[in-house]
Amino acid sequence: MADLKQRVREATGEAPTPAPSTDLAAQDPTLKWLERRRTYIAHALPKHIDEGHFIEAALTSMGKLRNCHTDTIQTALMACARFGLAPDGVRAAIVPFGKTATFVPMYQGLIDVMHRSGKVESVRVDFIRERDVWDYTPTAPSPGDFYHKPCVELPREERGEIILAYAYAWMAGGGRSQVVLLNKQDAIEIRDLYSKAYAKAEREKKFDSAWHTHFDQQWGKSCVRRLAKLVPTSPEVVDLLRADVDADEGRPTVIRAMPLDSWDEPGEGQPGSGTPEAQEDSGGEQP
């Protein structure tokens, strides 16, 4: 059928119908805005981070940030670049809380930064389900104090609900850290006590905080955060933990590695700043 249509066009001189553009950056001003800043982002990235993957992840994130204020998008992107964590939903995410784009490190991102310290050989984070085989005896010597054998032969839905999240680290010298275990009630209590972003989303019935959209990730990350306080660390890990607290408390992370106003070109339009509502609230809302 396609060949027949082509022959008819050639016989009648009809111009072929152009294919729809797949260049999202050409269609969306928010994406065009990001494309013009690729150089700034590339310069901020650590040398070991793949620029192409980072930019692709950032471009994918921009669609949900169209209503966010530009300064908060810049801050969140610079936080991702500063820590070398692509906003891919695995290592980090940029989450819109109202009109505020917020950098949220995921537990895999925190693990990556812990590895870079050179003091941690590996970190294990996992979830125990109802039908898994496991045992924890805190008085037993390490590493015999903890055992987990997931029932991988079963479909996930047959393994039951998650009952525990855990994390531990193997150190560069060969030793193993304490095992951190949190049940679901522990995670809920941490969320309710410490996450102002969650409380605000509940009050406003928006349900868009990281605890609403990525509960299991936040549960696992709570284990990693506690683990990071038990093992030798680095200033970068401390900074990332502080940034994570900022996200939970509804404060945008402050990154001083590069002046954010250097991203803007004179007279250039910016996403999220052209509407009267955006101009009225140019300072941005807290998540």
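Just so it is clear, the model here is predicted, and its values are computed rather than measured.
Residues K119 and V231 fail the side-chain proximity criterion, which asks for heavy atoms closer than 4.5 Å. Using a 4.5 Å heavy-atom threshold, the side chains of I162 and I128 count as separate. Looking at F83 and D239, their side chains come closer than 4.5 Å, going by heavy atoms from C-beta outward. In this structure, L65 and I94 have side chains that are in contact, with non-hydrogen atoms separated by less than 4.5 Å. Between H48 and R116 there is a side-chain heavy-atom pair separated by less than 4.5 Å. In this structure the side chain of Y168 never reaches within 4.5 angstrom of the side chain of V180, judged on heavy atoms. Counting heavy atoms from C-beta outward, P143 and W170 have side chains that approach closer than 4.5 Å. Looking at R82 and E236, their side chains come closer than 4.5 Å, going by heavy atoms from C-beta outward.
In the model, H115 has no side-chain atom that pairs as donor or acceptor with a side-chain atom of E121 under 3.5 Å. H148 and Y166 are linked by a side-chain donor-acceptor pair at a separation below 3.5 angstrom, with hydrogens and angles left out of the test.
Closest approach of A57 to A86, counting heavy atoms only: CB-CB, 4.2 Å. Closest non-hydrogen pair, M171 versus P232, comes out as CE-CD, 3.2 Å. In terms of heavy-atom proximity, C80 sits nearest to P87 at SG-CB, 3.9 Å. Among all heavy-atom pairs drawn from F54 and L85, the shortest one is CE1-O, 3.5 Å. The shortest heavy-atom contact between G84 and I49 is O-CD1, 3.2 Å. Taking every heavy atom of both residues into account, C68 and T72 meet most closely at CB-OG1, 4.1 Å.
Remark: Y194 OH is loosely packed, at most 12 non-hydrogen atoms of other residues, nucleotides or ligands lying under 6.0 Å away.
Going from atom CD1 of I163 over to atom CG of N183 covers 9.0 Å, rounded to the nearest 0.5 Å. Expressed to the nearest 0.5 Å, how far CD1 of I190 lies from CD of Q218 amounts to 10.5 Å. Within the model, atoms OH of Y107 and CG of D244 stand 14.0 Å from one another, a figure rounded to the nearest 0.5 Å. L240 contributes atom CG, which lies 10.5 Å from atom CG of D246 (distance to the nearest 0.5 angstrom). Separating the CG atom in D71 from the NZ atom in K99 is a distance of 12.5 Å, to the nearest 0.5 Å. If you take CE on M114 and OG on S234, they are separated by 9.0 Å, rounding to the nearest 0.5 Å.
At distances below 3.5 Å, not a single donor-acceptor pair connects side-chain atoms of R226 with backbone N or O atoms of C223. Side chain of K221 to backbone of P105: a donor-acceptor contact under 3.5 angstrom is found. Proximity of a side-chain donor or acceptor of T137 to a complementary backbone N or O of T139 within less than 3.5 Å is not detected. No donor-acceptor pair under 3.5 Å is formed between the side chain of W219 and the backbone N or O of W211. Using a distance-only test at 3.5 Å, with no hydrogens or angles considered, a donor-acceptor pair links the side chain of R129 to the main chain of G160.
Each side-chain hydrogen bond (donor to acceptor under 3.5 Å, both in side chains) pair with one or both residues in residues 149-163, not counting sequence neighbours, appears once here: D132-R159. For residues 175-191, the set of pairs meeting the salt bridge (Lys or Arg N to Asp or Glu O under 4.0 Å) definition, not counting sequence neighbours, comprises D145-R176.
Under a hydrophobic clustering in which Ile, Leu, Val, Met, Phe, Trp and Tyr are joined whenever their side-chain heavy atoms come within less than 4.5 Å, directly or via other members, V237 and L230 fall into the same cluster. When hydrophobic clusters are built by joining Ile, Leu, Val, Met, Phe, Trp and Tyr residues whose side-chain heavy atoms come closer than 4.5 Å, directly or via intermediates, L164 is not grouped with V125. Residues L110 and V245 are members of separate hydrophobic clusters, defined by side-chain heavy-atom contacts under 4.5 angstrom among Ile, Leu, Val, Met, Phe, Trp and Tyr. Note on V133: it does not cluster hydrophobically with V152, by side-chain heavy-atom contacts below 4.5 Å among ILVMFWY residues. F127 and V90 sit in two unconnected hydrophobic clusters of ILVMFWY residues. Membership requires side-chain heavy atoms under 4.5 Å apart, directly or through other members.
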Passes side-chain contact (heavy atoms from CB on, under 4.5 Å), F97 versus D208? Steps please.
CA-CA 7 Å; F97 298 147; D208 58 356; 4.2 Å; yes
Could you check R225 against D248 for side-chain contact (heavy atoms from CB on, under 4.5 Å), going step by step and ending with a plain yes or no?
CA-CA 13 Å; R225 285 171 63 164; D248 257 355; 3.3 Å; yes
Dump the intermediate steps for side-chain contact (heavy atoms from CB on, under 4.5 Å) on V123 and L227, then the final yes or no.
CA-CA 9 Å; V123 176; L227 177 65; 3.8 Å; yes
Step by step, work out the side-chain contact (heavy atoms from CB on, under 4.5 Å) result for I111 and V224.
CA-CA 8 Å; I111 291 171; V224 180; 4.2 Å; yes
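If you run side chain to side chain contact (heavy atoms under 4.5 Å, CB included) between I73 and each of R66, M62, M78, only M62 comes through.
In this structure, F146 and Y136 have perpendicular ring planes: the angle between them is above 60°, well past the 30° mark.
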